[in-house]
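Reviewing the structure listed below.
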Amino acid sequence: MNHLAADVPSISNTRLFGDIDRGIQADKLVIPGLPVSQLSGFMRGHGTYLRGDELYSSLAGAVRQVNRLINVQSVKQRYSPEIGDVVVGSITEVQEKRWKVDICGRLDAHLQLASVNLPGGELRRKTTEDELAMRDYLVEGDFISAEVQQVHHDGSIFLHTRSLKYGKLGIGVAVRVPSYLIKRRKTHFHALPCGAGLIIGCNGMIWICEQISEDPDGGYNIDLNQHVPASNMKVISRLFNCINVLANHGIHIFETSVMNCYDFSSAYETKDLMRSDVAAEVAAQVIQQLRADIMDES
Amino acid sequence: MRDEPPTLCEREFVVQGIVENLRLDGRSRDDFRAVKLFLGSQTGTALCTLGNTKVYCTVSGEIGEPTRNRPSKGLVFVDVDMSPMANPSFQHGRLGSKGFELRRMLELVIRDSRCIDVESLCIRAGKEVWKVQVNIKVLDDDGCLLDCASVAAAAALHHYRRPMITVEPERTIIHSEREYAPVPLNIHHMPLCVMYGFIRDGEISITDPDSREELYLDGCLWLSVNKRKEICGLHQTSRLILTTAMIEACANRSFQRVSDLTDLITEICANDAATRSKNQVVEGFSLVFDELLHTNENHPNELIGPAIPKAVLNKFGPAEKDEASTSAQLDLNDATCNDDEMDDAKIQLQAEQIAASLKVQEENKEEGKAKKTPGSRKKENTEVMDLLDGLDDVGTADVVEKTHEQPPQTGDQDFSLLSAKRKKK
Amino acid sequence: MKIINEHGFRCDGRKAQQIRNISAQLGMDASSEGAAYLVQGNTQVICHVYGPHEATQRSRMQDDRCFINCQYERFLKSRSKKQNNMKKRTGKDRKSGDVERLVEKTFETAVFTTNFPRSQIDIHLMVTFKEDGSLLSTCINAATLALCDAGIPMKGVVSATTCGIAEGTVICDLNNREENDLVPRITLATISGRDECVLVELQNRVHVAHLPNLLNTGKAMCLAVHECLHTAIRDHLLHTIPIS
């Protein structure tokens with residue numbers, strides 16, 4: 001499996017896993033300004049540009065070739081939305097007939113008034129009264145989960161929450177991880193066996209809450225004064241630390257890896273997970289388990 | 001105020017013209033616009049116009065403390081003011097990115113190239129030195145600000161005279177003009193700037209771009225050179241990729257231009273010094289309004305010197321087209337009328353001059369440079385009545401040009417139609 | 001004291017056309033998109049890159065491309081009173097403003113800005129306590145590394161160097177002592193070591209006869225610096241691919 005993605009932030013962790021086979025050959029690495037391929041007849045993909053007749057790389061990363069298409073994928077990049085991605089973002093502005101949502105991408109996304117479900121599950125055209133009442137639904141600072149509906153050529157993104165699983169989010173905690181650690185899967189909403197709910201947004205925002213619920217109201221009637229029991233809080237905070245461990249060690253984040261990390265971390269106290277030696281040990285165990293799973297499958 | 005984005009079709013037109021060695025105002029790629037230099041009655045003031053670009057520079061000096069690192073060296077400060085007069089997108093007092101670049105380059109040219117002998121500005125080491133302040137004000141922006149500003153600054157620095165100083169053990173005496181003649185600054189060399197614009201990824205270069213061409217260029221290279229073939233500064237603006245060969249080629253091309261400009265400045269300063277030494281009244285900027293009105297060559301006998309000697313003028317390429325010059329006249333006319341500080345008498349005098357000169361010029365255009373008396377205006381009016389019958393002939397582009405020039409002056413539509421008819425004939 | 005002594009060595013023991021040792025670390029900060037720490041001799045620069053993200057400075061936002069915003073900070077050992085006043089008033093002194101603008105202009109040429117309309121890329125540069133000349137070129141090198149780390153497409157790796165002329169010979173990679181001597185110097189930045197200059201800044205006077213030599217040596221040194229940066233980036237890439 002060819003994985004080119006993130007960058008390990010702290011040097012000590014890099015060197016720890018320095019000798020692990022990351023599945024990439026050294027001669028396929030390029031830096032901007034170097035020619036990508038000596039042969040001609042290739043189609044130009046992302047990360048390359050034409051200079052005269054030759055293809056040159058514009059990114060620092062690895063060259064990938066799919067039939068006649070050559071592209072260069074860099075290790076780190078800002079989140080680039082695709083249609084169908086599940087994202088978690090925060091509202092930054094309330095404008096006329098739409099909200100602007102920060103999804104940690106190149107530009108803020110737009111959530112049109114026509115793309116949300118009204119409370120009560122009504123399906124009707126939005127009127128000017130709804131426009132005036134926009135602030136009653138979503139206000140600056142609210143977190144929502146949504147799906148990417150459209151991506152225009154100039155980079156502007158349109159979201160929608162036209163399903164019962166999307167909508168305003170209630171009490172919980174958000175973790176921001178680099179977006180290249182998130183794989184696109186069939187489902188991004190998980191109810192973990194340890195007793196918490198997890199929404200893994202493709203943009204790198206992960207939401208941990210008590211439980212995933214499909215609210216017919218679209219989440220707009222959430223009571224933020226709800227009390228969360230202490231046991232659930234502990235589970236949520238342990239998950240928070242686990243996800244940080246995975247992110248710091250450059251491990252892809254998906255349901256299995258999060259659960260593995262949670263299980264291996266139960267040997268330690270939650271607060272000890274923040275120590276680099278404990279974190280490294282847990283991460284090593286997770287990697288071992290993941291590799292073992294791959295071997296079992298193949 | 002935000003700048004409007006340049007139009008794409010115009011860009012294609014201008015770029016293609018440059019490729020074919022024909023620019024909008026008829027110059028070729030290597031032609032410069034006419035330079036006019038005026039020195040003011042107060043020493044250290046200079047106004048330079050390069051085509052329609054006008055930059056004004058003043059040099060002043062005061063005594064102050066030197067820096068700790070260099071206790072026996074004077075200080076030179078450069079300040080640039082991009083006035084909203086020049087371009088509505090400039091803000092007074094705040095330098096935009098263009099202003100920053102300009103100021104930085106001028107500092108490089110004036111201060112860092114060590115053209116002024118700062119050691120001679122020292123009065124008492126560690127305590128008192130002369131602080132020379134160079135203030136540059138942009139009055140009108142029609143491209144190539146740096147060239148114009150550097151000429152103005154160099155002229156002002158040459159022109160400036162600081163008071164004479166006597167250093168006594170207890171005190172320093174600053175003598176007034178009447179006691180001792182003021183002393184000029186000690187200037188080693190005169191660095192002047194030349195700007196090259198590039199299109200087509202640096203393949204083709206033009207000199208002295210005007211404001212419209214500047215919008216469509218890929219980027220510019222700013223060179224500062226002196227007569228001794230030394231390069232005092234180099235700056236490349238953004239979005240331009242150059243090879244070193246191009247840089248060297250531009251440097252070599254700029255020497256002739258700088259040499260001519262240096263001669264111009266020295267000649268004008270020498271003239272001014274001669275006038276002052278004979279204790280004659282220096283006319284200074286009172287010449288300016290007249291001069292700027294007669295910016296074309298319709299009046300070869302008229303005064304374009306003492307600003308520019310004729311021999312030097314011929315080197316500077318063709319004069320601007322008539323339309324451009326008359327519109328410049330009109331603008332200035334409005335400016336002078338609205339200027340509260342001028343006396344009414346002066347305004348009257350100038351208005352008469354303007355009217356007379358314009359009439360003369362108009363007649364020159366129609367009759368092909370033959371002079372006409374004011375009395376013939378009546379005859380023209382009668383002819384207008386005859387010509388009004390043939391209105392359906394009117395509708396060519398010529399008419400449009402003429403009406404554009406004339407309305408504030410005559411306010412008479414018929415007059416313009418007449419001139420159009422004449423031209424058509 | 002002469003800049004080049006009679007044996008042909010400079011005050012820090014280098015030959016005339018020898019650049020200082022360069023060492024770099026990339027990606028050491030998790031919060032920014034790209035980060036780089038570059039040490040060139042005794043000058044140390046940290047650079048962080050954020051973006052491209054939604055433009056916060058609306059006045060500079062452009063509809064067809066992104067703009068680059070640079071902030072440059074320098075720990076001065078002792079600031080004069082005037083510099084302190086200026087910093088209180090405008091938040092920065094004039095020299096920082098100049099460096100910022102030059103870095104912005106350099107990267108506006110080198111980065112494919114038309115890929116990101118209505119966005120902005122932030123480059124934050126910090127020169128640490130140790131600074132020893134050639135600040136502008138070190139900042140450009142550090143910013144290039146950080147932009148590579150952030151995955152922002154560029155035409156090539158921009159490498160910069162400062163060269164001067166002393167006593168007729170061209171010296172490269174000036175340190176503080178040589179810069180203070182008001183040696184005429186040129187800062188040259190090229191893309192990928194090729195003959196494509198994105199930044200040319202000359203200070204003090206130099207006769208035109210010296211110019212070709214100066215420019216050619218500058219280009220050769222930029223190529224040398226580019227080799228160092230190339231190695232640093234490759235090394236970083238080899239160690240930073242995620243494990244799954």
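Order of the sequence lines sets the chain letters (A, B, ...), proteins ahead of strands, with each chain counted from 1. Hydrogens, waters and symmetry mates play no part in the numbers below; they use all other heavy atoms, side chains included.
Between C/C197 and B/T243 the shortest heavy-atom distance is SG-C, 4.5 Å.
To the nearest 0.5 Å, atoms CG (C/N216) and CD (B/E248) are separated by 6.0 Å. Atom OG1 of B/T244 and atom CG of C/L188 lie 8.0 Å apart (nearest 0.5 Å). Taking CD1 from C/I191 and CD1 from B/I241, the interatomic distance works out to 4.0 Å, rounded to the nearest 0.5 Å.
Near-neighbour residues of residues 96-104 of chain B relative to chain C, defined by a heavy atom under 4.5 Å from a heavy atom of that chain, comprise B/F100, B/E101, B/R103, B/R104. Residues from residues 105-125 of chain B that place a non-hydrogen atom less than 4.5 Å from a non-hydrogen atom of chain C comprise B/E107, B/L108, B/D112, B/S113, B/R114, given in numerical order.
Between chain C and the residues B/R228, B/R239, B/M246, the largest count of heavy-atom pairs under 4.5 Å involves B/R239. Contacts with chain B were tallied for C/A110, C/A209, C/P212, C/P184; C/P212 has the most, counting heavy-atom pairs under 4.5 Å. Put simply, of B/V225, B/T67, B/L234, the one with the most heavy-atom pairs under 4.5 Å next to chain C is B/L234. Interface summary for chain B: among C/D98, C/V206, C/T106, the most heavy-atom pairs under 4.5 angstrom belong to C/V206.
The part of C/L199 that comes within reach of chain B is its backbone (N, CA, C, O), which places non-hydrogen atoms under 4.5 angstrom from that chain. Contacts between B/N69 and chain C at a heavy-atom distance below 4.5 Å are absent for every atom of the residue.
Taking B/E10 as the reference, B/R212 meet the salt bridge (charged side-chain N to carboxylate O under 4.0 Å, His left out) condition, with sequence neighbours excluded.
A 4.5 Å side-chain heavy-atom check between B/Q236 and C/T109 finds every atom pair outside the cut-off. In this structure, the side chains of B/N226 and C/R205 come closer than 4.5 Å at one or more pairs of heavy atoms. Counting heavy atoms from C-beta outward, C/V200 and B/L242 have side chains that stay 4.5 Å or more apart. Within the 4.5 Å cutoff, side-chain heavy atoms of C/L102 are placed close to those of B/H235.
Applying the side chain to side chain donor-acceptor pair (under 3.5 Å) test to pairs two or more places apart or on separate chains, those with a residue in residues 185-194 of chain C are C/R185-C/Q203.
The number of heavy atoms from other shown groups lying within 6.0 Å of NZ (B/K227) is above 12.
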